[in-house]
Amino acid sequence: MPSQQVFNGKDGAVYTTSNGAPVKEPYAAQKIGFNGPLLLQDFHHLDLLAHFDRERIPERVVHAKGAGAHGYFEVTHDISDLTCAALFNKVGNRARTTIRFSTVGGESGSADTARDPRGFAIKIRTEEGNLDWVFNNTPVFFIRDPAKFPHFIHTQKRDPQTHLKDADMFWDYLSQNPESVHQVMILFSDRGTPDGYHQMHGYSGHTLKFINAKGEWQYVQVHVRADKGFKTLTDEQAGKLQGTNPDYGIQSLFEAIEKGEYPSWTVYVQTMTAEQAEKFRYNVLDLTKVWPHAEYPLRPVGKIVLNENAQNYFAEIEQAAFSPSHLVPGIEASADPVLQSRLFSYPDTHRHRLGVNYQQLPVNAPVVPVANFQRDGFMAFNNQGPRPNYQSSILPLSYKAKAYEGTDERHETWIGNARLQLSEINELDFEQPRALYKKAMDQTARDHLISNLAGHLGGVKSPVVKARQLSVFAAVDQDFSDAVAKAIGHPSVKPLPAAPAEKLLRLKTNIGLVQTIQA
Ligand code: HEM
C-alpha cells in the first residue's frame, strides 16, 4: 500500500489538494468573470473549507487542558519476583513512552496553573502491547463510589443557567461527601498548584495487582517521583500566572526539553500480600487512603525520561488515548470499584472522541503487530490485509498462554447477591487527613492550607454549605476547622457524626469491596 508522504522538515514542498493534485494559487477561487458567483467544480476551494469545518474533535470531558512529550521507560531493578510482564524481565529494558499531563476541570483553553489535581498519563510501548498508567499527581482521590464521579465533575464545570463556575456547587458536593476531605486538603495545600507539569510526582492511587510467572500475586501501588522534587507555586504566584500566561505548564515543559533539561522520574512500587491486606487497617481497595511508607516501603523499579517534544501536537498528544484497561500480562486491575468503572469509561470515551479504530492512530498503535478479528469501521488504517476475519482452521492465528493460569481463590472468588451498595463515612476516614494536617505539614504549610481554603470557601453564598464543610474539617481536627472558620468570619462548628471504627469492620465484609473467601 502506498504510504503517505510525510513532511521532511524542509520548505518547498509542492502545494496540493487533499488528493495530491498541484494547485498554483492557494487564495484564488473559481468565479464567473471578476465578480461572478463561485463554481461548485472548484474542488480546491471546497476541499479547503470542508476540511476546515471539521477541524475540531470533542475535547476530553475531563482533563481537556494538557501538554505532553515522548521519551523512554527504563527498568533499573529486577522485579521479576513481582511480575512476569516482559518489560520487567531484564534490568536495562527500555520502552518508548509518551506522557500527557493535564488539569482536570477546565476547558482546553483554561489556565494550566489552576488549583486542580493534575493528570499524569503514561503510555509505555512494551513488547507485549501498550501498558497505560493513567495516574494523577495525588496519591488519593475524592471518591470511592464511582457513580459519584459525574456528579462531582459537574460541580466543577459551568452552572446550567449562568454558565459560570460556582463555588456553591463545588462545596455543596464536597460537604455532602466527606470521604473527599483527604484529597481536598491536598488540593488546597500548595500541592494543588504545581510549578508546571513536569516538576511533580505521579501516583497510581488505585491498588493494582502484579502477578509473577508462578501465578503468585501481590497488591501494588505505583509511585512516579520527580528526580528534582515536587515543585509548587503559592496561591498568589499561581493566580498571577493564570492571568499572565495561561499556558505556563505547556511552555515550561516544551522549553525544558528543547534546552536538553530532560525531566526525569524514578518509578517505585509499594507491595502488599493478600495476608497483609486482610490485616490492613484500611480497605486496600479504598482510593481515599494511602499505604503508610513505613509499613509498605517504596521499592525502586525504573526510570522515565522525557527527551523528545512532539513534532505535531494534535497527532501525538491530543490524539493520544490512555486507558487503565490497556494492561499487559502480569499487571492487572484490582477490584477497586472506581478503577473497575474506569476500565469501561476510557475506551468508551475514546470511541466517541476519536472513533472505533482509535488504537490504530500512530500515537496509540502498539509497537508489536496486532492480530485479531476486529475489522472495518471508520478510519481503519490497519485492517489486517487478507488475514481471515474469523477464527479460521485454514489460516489459524497462534495463541500464547499467560505464564500463569487461573484466578486466585482467596481474593477472586466472589459470592453474594447483586445489590446496590454505597460506602459509609466512619471515623477511620479522618485519621489520614488528621495526620496530614498535624504531622506531615509544618506551620507554613498549615497557614497556606487555611488561607487557600478561606479564599475559596469564603466565596460560598449558602450558609448551610459553609457550615457543613466546616463540620467535615472539624471531624479532621477542631483547631483546623476553627482556623478556617475564623478566616472566613464564621462561628465554630462541631464535627459531623461519623460511624465508629468498629462498624467499619462489619462494613468491610458487608460492603463487598473485599470479599475474602477461605477455602
Ligand atoms: C469513576 C472515576 C473516573 C472516571 C469515570 C473517569 C473518566 C475519565 C474520562 C472520561 C476521561 C477523558 C478521557 C479522554 O477523553 O481521553 C478521563 C481522563 C483522565 N483521567 Fe479519569 N476518571 C475517573 C477517575 C480518575 C482517577 C481516580 C484518576 C487518577 C488516579 C484519573 C486520571 C485521569 C487522567 C490522567 C486523565 C487524562 C488522560 C489523558 O491525558 O488523556 N481519573 N477520565
Side-chain angles (χ1 to χ4, degrees), residues 56-70 97-108 112 116-123 130 132-154 156-157 177 179-180 182-183 186-187 194 197-198 200-208 220-224 249-250 253 285-290 306 310 313-314 316-326 333-355 358-359 361 363-364 422-423:
R56 288 291 164 272
I57 62 169
E59 66 173 35
R60 291 164 172 82
V61 62
V62 276
H63 296 262
K65 170 83 180 205
H70 309 296
T97 294
T98 299
I99 300 190
R100 181 174 179 273
F101 306 104
S102 47
T103 54
V104 181
E107 296 94 357
S108 71
D112 58 22
D116 208 358
R118 300 292 185 267
F120 199 125
I122 310 170
K123 190 178 285 298
N130 290 348
D132 289 0
W133 279 346
V134 197
F135 295 177
N136 276 345
N137 70 338
T138 53
V140 294
F141 200 58
F142 300 94
I143 60 170
R144 58 181 171 223
D145 298 284
K148 293 185 179 181
F149 186 77
H151 296 253
F152 169 59
I153 293 298
H154 285 169
Q156 294 161 71
K157 299 278 186 189
N177 294 280
E179 73 274 27
S180 58
H182 196 180
Q183 172 81 326
I186 297 173
L187 179 62
Y197 280 129
H198 61 282
M200 61 181 188
H201 306 331
Y203 304 86
S204 63
H206 296 287
T207 296
L208 303 172
V220 166
Q221 291 259 348
V222 183
H223 298 239
V224 181
I250 302 181
L253 172 64
L285 306 177
D286 179 350
L287 179 59
T288 67
K289 306 287 184 291
V290 292
L306 288 182
Y313 183 86
F314 183 84
E316 296 166 51
I317 306 299
E318 188 60 22
Q319 292 198 123
F322 302 87
S323 172
S325 47
H326 296 160
S334 71
D336 172 344
V338 177
L339 177 56
Q340 293 276 323
S341 252
R342 295 180 68 203
L343 302 179
F344 159 74
S345 190
Y346 291 70
D348 187 50
T349 198
H350 299 329
R351 289 179 198 111
H352 161 67
R353 189 168 71 86
L354 301 165
Y358 74 91
Q359 297 272 35
L361 287 165
V363 67
N364 299 322
L422 187 60
S423 65

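Everything quoted here is computed from the prediction, not taken from an experiment. Just so you know, ligand 1 is whichever comes first in the structure, and atom 1 is the first atom listed for that ligand.
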Open item on the list: Within the 4.0 Å heavy-atom shell around Val61, which atoms of ligand 1 are there?
Closed with: 10 (C)
Task: Tyr313 to Gly66 - nearest heavy-atom pair and separation - done: OH-O, 2.9 Å
Task: Closest approach of Thr288 to His182 (non-hydrogen atoms, all atoms of both residues) - done: O-ND1, 3.0 Å
Open item on the list: Within the structure provided, determine whether His223 and His201 are in side-chain contact (heavy-atom separation under 4.5 Å).
Closed with: no
Task: Which segment of Val104 sits under 4.0 Å of ligand 1 when only heavy atoms are counted - done: neither
Open item on the list: Taking the side chain as everything from C-beta on, heavy atoms only, tell me whether Thr138 gets closer than 4.5 Å to Leu187.
Closed with: no
Task: Contacting atoms of ligand 1, where contact means under 4.0 angstrom from a heavy atom of Arg353 - done: 14 (C), 15 (O), 16 (O)
Task: Part of Thr349 with heavy atoms under 4.0 Å of ligand 1, whether side chain, backbone, both or neither - done: side chain
Task: Side-chain donor or acceptor of Asp132 paired with backbone N/O of Ala121 under 3.5 Å - done: no
TODO: Distance to 0.1 Å, residue and atom name: give those for the protein heavy atom nearest to atom 40 (O) of ligand 1.
DONE: Arg100 NH1, 2.7 Å
- [ ] Evaluate the side-chain proximity of Pro117 to Asn137: yes if any heavy-atom separation is below 4.5 Å, no if none is.
- [x] yes
Task: Distance from atom 35 (C) of ligand 1 to nearest protein heavy atom, with residue and atom - done: Phe135 O, 3.1 Å
Task: Identity and separation of the nearest protein heavy atom to atom 16 (O) of ligand 1 - done: His350 CE1, 3.1 Å
Open item on the list: Please list the nearest protein heavy atom to atom 25 (C) of ligand 1 with its residue and the distance rounded to 0.1 Å.
Closed with: Arg342 NE, 3.2 Å
- [ ] Could you tell me whether any N, O or S atom belonging to Tyr346 is less than 2.8 Å from atom 21 (Fe) of ligand 1?
- [x] yes
Task: ligand 1 contacted by Ser204 (non-hydrogen, < 4.0 Å) - done: yes
- [ ] Would you please determine whether Ala121 falls within less than 4.0 Å of ligand 1 on a heavy-atom basis?
- [x] yes
Open item on the list: Could you tell me if Arg100 and His63 have a donor-acceptor pair between their side chains, going purely by distance under 3.5 Å?
Closed with: no
- [ ] Output the list of atoms in ligand 1 that are nearer than 4.0 Å to some heavy atom of Phe120, sorted by atom number.
- [x] 35 (C)
Task: Protein heavy-atom partner closest to atom 1 (C) of ligand 1 - residue, atom, separation in Å - done: Phe149 CB, 3.7 Å
- [ ] For atom 19 (C) of ligand 1, find the nearest protein heavy atom and state the residue, atom name and distance (0.1 Å precision).
- [x] His63 CD2, 3.1 Å
Open item on the list: Taking the basic N atoms (NZ, or NE/NH1/NH2) and the acidic carboxylate oxygens, is any pair closer than 4.0 Å for Arg60 and Glu318?
Closed with: yes
Open item on the list: Below 30° counts as parallel, above 60° as perpendicular, anything between as tilted: where do the rings of Phe135 and Trp133 land?
Closed with: parallel
Open item on the list: If I compare all heavy atoms of Leu343 with all of Ser323, which pair ends up nearest, and what's the gap?
Closed with: O-OG, 4.4 Å
Open item on the list: Out of Arg60, His206, Gln340, Gln183, who is nearest to atom 27 (C) of ligand 1 when you count heavy atoms only?
Closed with: His206
Open item on the list: Quick check: closest heavy atoms across Lys123 and Ala321, and the distance to 0.1 Å?
Closed with: NZ-O, 3.0 Å
Open item on the list: Please verify the inter-ring angle class for Tyr358 with His326; under 30° counts as parallel, over 60° as perpendicular, anything in between as tilted.
Closed with: parallel
Task: Close N or O approach (Ser345, ligand 1; < 3.5 Å) - done: no
Task: Atoms of ligand 1 close to Val338 [distance to a heavy atom under 4.0 angstrom, numbered from 1] - done: 1 (C), 2 (C)
- [ ] Within a distance under 4.0 Å of any heavy atom of Gly119, pick out the atoms of ligand 1 and give their elements.
- [x] 35 (C)
- [ ] Considering heavy atoms of the protein only, find what lies nearest to atom 9 (C) of ligand 1 and give residue, atom and distance to 0.1 Å.
- [x] Val62 CG2, 3.6 Å
